[in-house]
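For reference, the structure discussed in these notes is given below.
We name chains A, B, ... by the order of the sequence lines, and we start the count at 1 in each one.
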Amino acid sequence: MTAVITPPAANPRTPVKRAGRRGGIAPPWLFAAPALVVYALVMLYPSIVGAGSAFTDWSGVGEQRSFVGLDNFQQLVKDDQALGALRNTLLLTLAIVVVQNGLGLLLALGVHTTIKSRMVLRVIFFAPVVVSPVMVSFLWKYVYNPAPDAGLNAVLNAVGLGSLRQDWLGNPSLAIWSVAFTVIWQCAGYSMVIFLAGLEGVPKELHESAMVDGAGTVARFRHITWPLLAPAVTINVMLSTVGGLTLFTQIIAMTNGGPGYATDTLSTVLYKQAFVYGKFGYSTAVALVLAIFVAAVSFIQIAYLRARETSA
Amino acid sequence: MASEIIRTPVSRRRLLQLMGGVAAAGALANCGGGNSSGNSGGPLKVIGAGSQEAGLRKALDEYKKQNGSFEFNLSFSPADQLQTALRAQLAAGNAPDLHAVYPGNGSAMSMVQLSKANLLADLSDQAWTQKIPAGFKGAYQQDGKTHIFSPGTSVLGAIYNKLAFAKAGVEIPTTWSELLTVCDTLKKKGIVPLALGAQTPWVTQLINYALVPGTVYAKQPDFDDKMAAGSATFAGSGWADAMNKYLELQKRGFFNDNPNGTTYEQATSMVGTGKAAMAVQVSAVLQAYRAAAPSPDDLGMFPLPATDVAADNWIPGGIVVGLSVSAKSKKADEARKFIEFCGQPAQINAWAEAVACVPLYSEGEAKVDPVLKPFLPYLSGDKAVPFMDQRWPNAEVQPTHFAVVQELLGGKTTVDKALKKMDDAYKKTA
C-alpha cells in the first residue's frame, strides 16, 4: 500500500495574509536585521563614504580636500601604470581561471577513484589552501631564490637541467607567471574540492548504463560528467575570476609589483596610490572602477554559466 | 505557541528605533575604542623606525631611569610598513603620541607632507632646535617651524669586507676608474665585487644616490633649487651620467647574478660572509651588516667615488628618520619633554653612536663610529648633499625612481625614458 500525503488545498479565494500589510515587518527581516545593521555599518557606510573620496584630491591624512569632479577618473584613463596594471590583472586572471580550474578538475578526477590512497591525496592537494597566502608567498620566494645553488634553481642543477635556471621573480618577463604559478599551486586544491563535490553528485547508474552501451571514458566524461558538473564549474570560475581580479597579497609579499611595474595589478596600484604616493582620492577612484569591473564581469559570468547549467 | 511568537509583527518604527540604537552604540564604540591619542591615561605610545631601534631604545631607557614614573609602549615598523600602518593611524586620528617621520619631503610619511596636514606638533621652542645647521633646516623645518627630531646624519657609501679586499689584494678606490679596476680584480678572484639586493625597492636608489653628488651637485650645488624653479630636469643632467655608470657596473658583471631577484637581506649576508666584497648602503644599516659578519671588525666603509676628479667626489649625507609628536596627542607635553631630553648633547651622541650616524651637534668632540671617519672631512668641508628625495616635491618621485631602476636592471627601459618618467612624477602636484 502506498501512502500518498496530499497537502491541504489552498483556498484560492482566501489570500495569504502578509505581515507587512498590517503595518509590521515580516519575521524573516527581523532575523536578518542584526546582520543587516552590522553589514551597513562595516560595509555600506564606509564604502559610500569612501566612494565620495574618489571625487576629491584628499591625501589620506588631514582635513584638506577639494572636490575635483571626475578628474581622478580622467587621470585613470591616461595613467600608464594603471593601464599596465589592468593588463597584468587580466593576464593573471586568465591564467588562474584556466589553469587552476583545469588542474583542479584533473585532481578531482584523479582522486575520485577507488584507489586506496585517495583520502591521503585529497588532504595533500588541499593542504596549501589552509595555509596563509602570506606564508605561501614567503615560502615560494625562498623557492624562487635566484642564486644558482638555492631553491628551484638548485633542484634544476641537481637533475641536470641547469640551463633552465631563471631569475624567477627578478626577470620582468617571467615574474608575473611565477606569481601566477604560486597562486595556482595554492588554490588548485580549492577548485578540486568543489569539483569533487560535483562529481559525487553524478549518479553512478548513468555511467553504468553508458558503459553497457559501449561508451568509453572520454565519451562518458564528455556526455555525462561534464554537463552534470556545470554548477561546480560556475562556482569555480566565479570564485577564481574574482580572486584573480582582486589579487593582492601574493603580489605585495613576493614582488611588491616589481620589477619596475611588471607585476602590478589594479589592487597593488590602488594600495600604492593611497599609502605610498599619498593620493587617497585617486586611489579610491581606482578602487571604485575595480569594484564595478569585478561586479560586471561576475554578473556576465553568472548569466552565461547559469544559462549553460539550464541547457545542460 | 511558538508560531504565535514568530508571527507577532514588529512595527517598522520600532525596528528602525532598534537599528538606530545598535548603529549608535556601534558608532560610539568605534569612536571610543583604541584611540591612544585621545586617551590621556596609560603609557606614552611610541612607534619608531626599525633602523633607529638601538638609539631610540637607549634614549627611552635612559629617560625612564631619570624619570621613574615614566611609562612607554614601544613598537617598531620596517621602512615599507611605516607608509601603511602609520598613515592609516594618522588618517583615523589615532596616531601614536610619538612616531617615526622621514625628514624633509619626498615621502608620504615625510615631515613636510604631514606638517602640511597639521598632524605634527611644533617643537620650535626647544633648545636643541637652535643647533640645527643652516644646511639641514629643510630636513627639520617647514615654514620656519621645527616638526621633527632626528639625532643626526647618516652617510651613504660602500660597506666593504676587509677580508675580501685583502684576499684580492686591493685597496680602497678614490676615483671611478680605480673603483672599476678594484671590481675587476675582485671578480677575477671569484669574489662578487658589489652585492645588490634590488628586489627590495629602497635598495635600488642607493647607487644613484651615491653617484649624483659627484655627477650633479659638485657641478651644480643649486640643482634642487633649479629643479623646483623648473629650470632643470633629471633628463639631460648628471643623473643620466649616474644611471649610465650604474648600468656600466651591471654590464661589466660587477653585481651578483640576478640583482632584481635578490633581496636586501641576501645582499647583506653576501657581504658579511665575504662572498661579495662591497655593497652601497647607508651607514644606518651597518649594525645589520656587522651581525651578518663573523666579526664586526671585518667591515669598513668608504665614500663611493663617482668621478675621476677627486675634488668632484662629494658624498650623500642625509638626516636620518626621526621622531615627531602627534599634533592630536593628549600626552603631547610628556612626549615633548622626552624629545627635549633626546635633544641634549649627551643623548644625541649616544643615539647617534648606536645607529652609526654623525650627531646633529656635540659639545666637544663627537663620538663617531670609527668606520665613518673617512666621511667626516666631506661633512665639515661642505661636500655633503642631503639624500635627494628630501627635496623632491611629492611622494611619487621616489617610488618612480625605484621602479625605473628595476626596469633598467631588467633591460626593460633606457636611461632617457627612466629619467623622463622621474621628471613626469616630479611635475605632479604635491
Which atoms of B:Glu396 are under 4.5 Å from chain A, going by heavy atoms: the side chain, the backbone, both sets, or neither?
both

Could you state the interatomic distance from CD (A:Gln166) to CG (B:Asn258), rounded to the nearest 0.5 Å?
9.0 Å

Which portion of A:Lys272 sits near chain B, non-hydrogen atoms under 4.5 angstrom:
neither

Residues of residues 251-267 of chain A near chain B, each having a heavy atom less than 4.5 Å away:
A:Met254, A:Asn256, A:Gly258, A:Pro259, A:Gly260, A:Tyr261

Contacting moiety of A:Ala274, where chain B heavy atoms sit under 4.5 Å
backbone

Less than 4.5 Å to any heavy atom of chain A: does that hold for the side chain of B:Leu409, its backbone, both, or neither?
neither

Identify the two heavy atoms, one from A:Tyr277 and one from B:Pro399, that lie closest to each other, and give their separation to 0.1 Å.
CE2-CG, 3.1 Å

What part of B:Leu119 is in contact with chain A, defined as an atom under 4.5 angstrom from a non-hydrogen atom: side chain, backbone, both or neither?
side chain

Minimum heavy-atom separation for B:Arg87 and A:Val61, please, with both atom names.
O-CG1, 3.8 Å

So which bits of residues 260-270 of chain B come within less than 4.5 Å of chain A, counting non-hydrogen atoms only?
B:Asn260, B:Gly261, B:Thr262, B:Thr263, B:Gln266

Counting only heavy atoms not in A:Phe248, do more than 12 fall under 6.0 Å of its CZ?
yes

Looking at NZ of B:Lys116 and OG of A:Ser59, how far apart are the two atoms once the value is rounded to the nearest 0.5 Å?
10.0 Å

